Amino acid sequence: MRTHMAQGLRWAPWLLLGALGAYLLVQGSDFILHLGIVTAIYAVLAMSLNLAFGYTGLFSIAHASLFGIGAYGAGLAMSQAGVPLAPAILCGGLAAAMVGAAVSAIFSRLEGPYFAIGTFALGELVRIVLNEWRGLTGGPAGLMVPRPAGAQWMTFGLDLANRRSFFALALLLMGLTAAALALLLRSRLGARMMHVRDDPYLAASLGVGVLRTKIVAFFISGLIAGLAGAVFGVYLQFIAPSSFSGMESVRLVMMLVIGGAGTLFGPVVGAAIIVLLPQALRINPTDSLILTGVILVVVVLFLPKGIVGALSQRADAGSARRRAERSAPCERAAGPSPIAPSSAKRVGAD
């Protein structure tokens, strides 16, 4: 029973988030809904990095590039090939997933900072391609994502021309991503990912295919990042290379570190802080970056596991202490264990 209660408490933040989302869906203004959409999309993007880094140990600085590949993939599918909205979003996700798998296959034999440097090189390569291939991407001027006409704008029964409907889609994407990751982490593949994160050499000695696990993890991570990017591009109806720069990757890492890597709810908390706090304080982008840096330093020094990680650790320690306190009276009532006769003789002989 206590186990079920503990599991319920772990899902309580998601229930509260769902209740808040339902309230904003009914009562939120257009500006609040806009902030909610952007926060939900960035939360999904942070979840994708969390799968690669927090659960598999692959420190990537390329996820903003995968985000951009998803956005441009969906935008080009709609503008150049006339693909309907839902298949275009899927095309963007698959494009990012395939690039992610290819990158993982190339760089996964590298470890730690060397893998991060390799992904940084990918990010720079994607940025150069997006800037220089003007005939396809529009270059620095960006790419307009066309608004589908009439019924083509209807997706999953939602009229996405309406901001409330798009907010519902963003919440749905975030909820489905969190549920899919929760199921994945309970599977054998999820266990293999965490074994690879904790000790790849030990995992290999136990028969885990380390390289294959890394490739699959990065494929899934890239798929999630690409879907988030596709929804982002469709929402803004305009994308440019500056939206997917290396600085965006740094902001994404900040979201994960502040919220808590290796936790399901941490990316949501990190995305909310990075996106909403500057808006709440009404500060300019430069001051926002300074504030984010200060928050990051404080979290790293005093909450090295992130905000959600520290709260989870504190809750686990409290549960362990209460279990110890409940078991102590039973141990005292049982009294000392009897000494076997042979043991008594040996003690006396000594």
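All residue numbers in this chain count up from 1 along the given sequence. Everything numeric in this text was worked out from a predicted model, so none of it was measured.
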Would you say [X] and [Y] make side-chain contact, with heavy atoms under 4.5 Å?
X      : Y      : result
Phe218 : Thr56  : no
Leu16  : Leu20  : no
Phe31  : Gln279 : yes
Phe59  : Val253 : yes
Met47  : Leu51  : no
Val308 : Ser312 : yes
Phe238 : Val145 : no
Lys214 : Leu58  : yes

Please report the shortest heavy-atom distance between [X] and [Y], naming the atom on each side.
X      : Y      : value
Pro278 : Ser288 : CG-OG, 3.1 Å
Leu45  : Ala225 : CD1-CB, 3.8 Å
Ala43  : Met174 : CB-SD, 3.8 Å
Pro140 : Asn131 : CD-O, 3.3 Å
Ala46  : Pro267 : CB-CB, 3.6 Å
Met193 : Leu184 : CE-CD2, 4.2 Å

Does the [X] side chain pair with the main chain of [Y], one donor and one acceptor, at a distance under 3.5 Å?
X      : Y      : answer
Arg314 : Gly309 : no
Arg163 : Asp30  : yes
Arg164 : Leu25  : yes
Thr119 : Ile61  : yes
Asp287 : Ile283 : no
Thr39  : Leu35  : yes
Asn50  : Gly262 : yes
Arg197 : Gly54  : yes
Ser104 : Ala101 : no

Let me see the working for Leu264 and Trp14 under side-chain contact (heavy atoms from CB on, under 4.5 Å), right down to the final yes or no. CA-CA 10 Å; Leu264 272 179; Trp14 293 102; 4.3 Å; yes
Run the numbers on Phe167 and His34 for ring pair (Phe, Tyr, Trp, His ring centres under 6.0 Å), then give the verdict. CA-CA 8 Å; Phe167 179 63; His34 167 72; over 10 Å; no
Flag yes if [X] and [Y] sit in one hydrophobic cluster, no otherwise; membership is Ile, Leu, Val, Met, Phe, Trp, Tyr, and two members link when side-chain heavy atoms are under 4.5 Å apart.
X      : Y      : answer
Ile32  : Leu281 : yes
Phe115 : Val210 : no
Leu143 : Ile128 : no
Met98  : Ile106 : no
Phe219 : Val208 : no

Rounded distance (nearest 0.5 Å) linking atom [atom1] of [X] with atom [atom2] of [Y]:
X      : Y      : atom1 : atom2 : result
Leu227 : Ser48  : CG    : OG    : 10.0 Å
Glu248 : Ser242 : CD    : OG    : 9.0 Å
Glu124 : Ser249 : CD    : OG    : 9.5 Å
Ser221 : Leu66  : OG    : CG    : 7.0 Å
Leu311 : Lys305 : CG    : NZ    : 13.0 Å
Ile274 : Leu289 : CD1   : CG    : 9.0 Å

Taking the six-membered ring where the residue is Trp, are the ring centres of His63 and Phe53 under 6.0 Å apart?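 No, too far apart.
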Is it the case that more than 12 heavy atoms not belonging to Tyr114 sit under 6.0 Å from its OH atom? no
Tell me whether the rings of Tyr72 and Phe244 are parallel (<30°), tilted (30 to 60°) or perpendicular (>60°). perpendicular
How are the rings of Tyr42 and Phe67 set relative to one another: parallel (under 30°), tilted (30 to 60°) or perpendicular (over 60°)? tilted
Check step by step if side-chain contact (heavy atoms from CB on, under 4.5 Å) holds for Leu296 and Thr292. CA-CA 6 Å; Leu296 179 65; Thr292 302; 5.5 Å; no
Can Met144 and Ile239 be said to form a side-chain contact (heavy atoms from CB on, under 4.5 Å), step by step? CA-CA 7 Å; Met144 294 296 298; Ile239 47 180; over 6 Å; no
Check Leu291, Val297, Val298 against Ile295 for a side chain to side chain contact (heavy atoms under 4.5 Å, CB included) and give me the one that passes. Leu291
Let's go through Met78 and Val234 carefully: what are the C-alpha distance in whole Å and the side-chain angles of both, what is the deciding distance for side-chain contact (heavy atoms from CB on, under 4.5 Å) to 0.1 Å, and is it a yes or a no? CA-CA 10 Å; Met78 294 173 67; Val234 169; 4.1 Å; yes
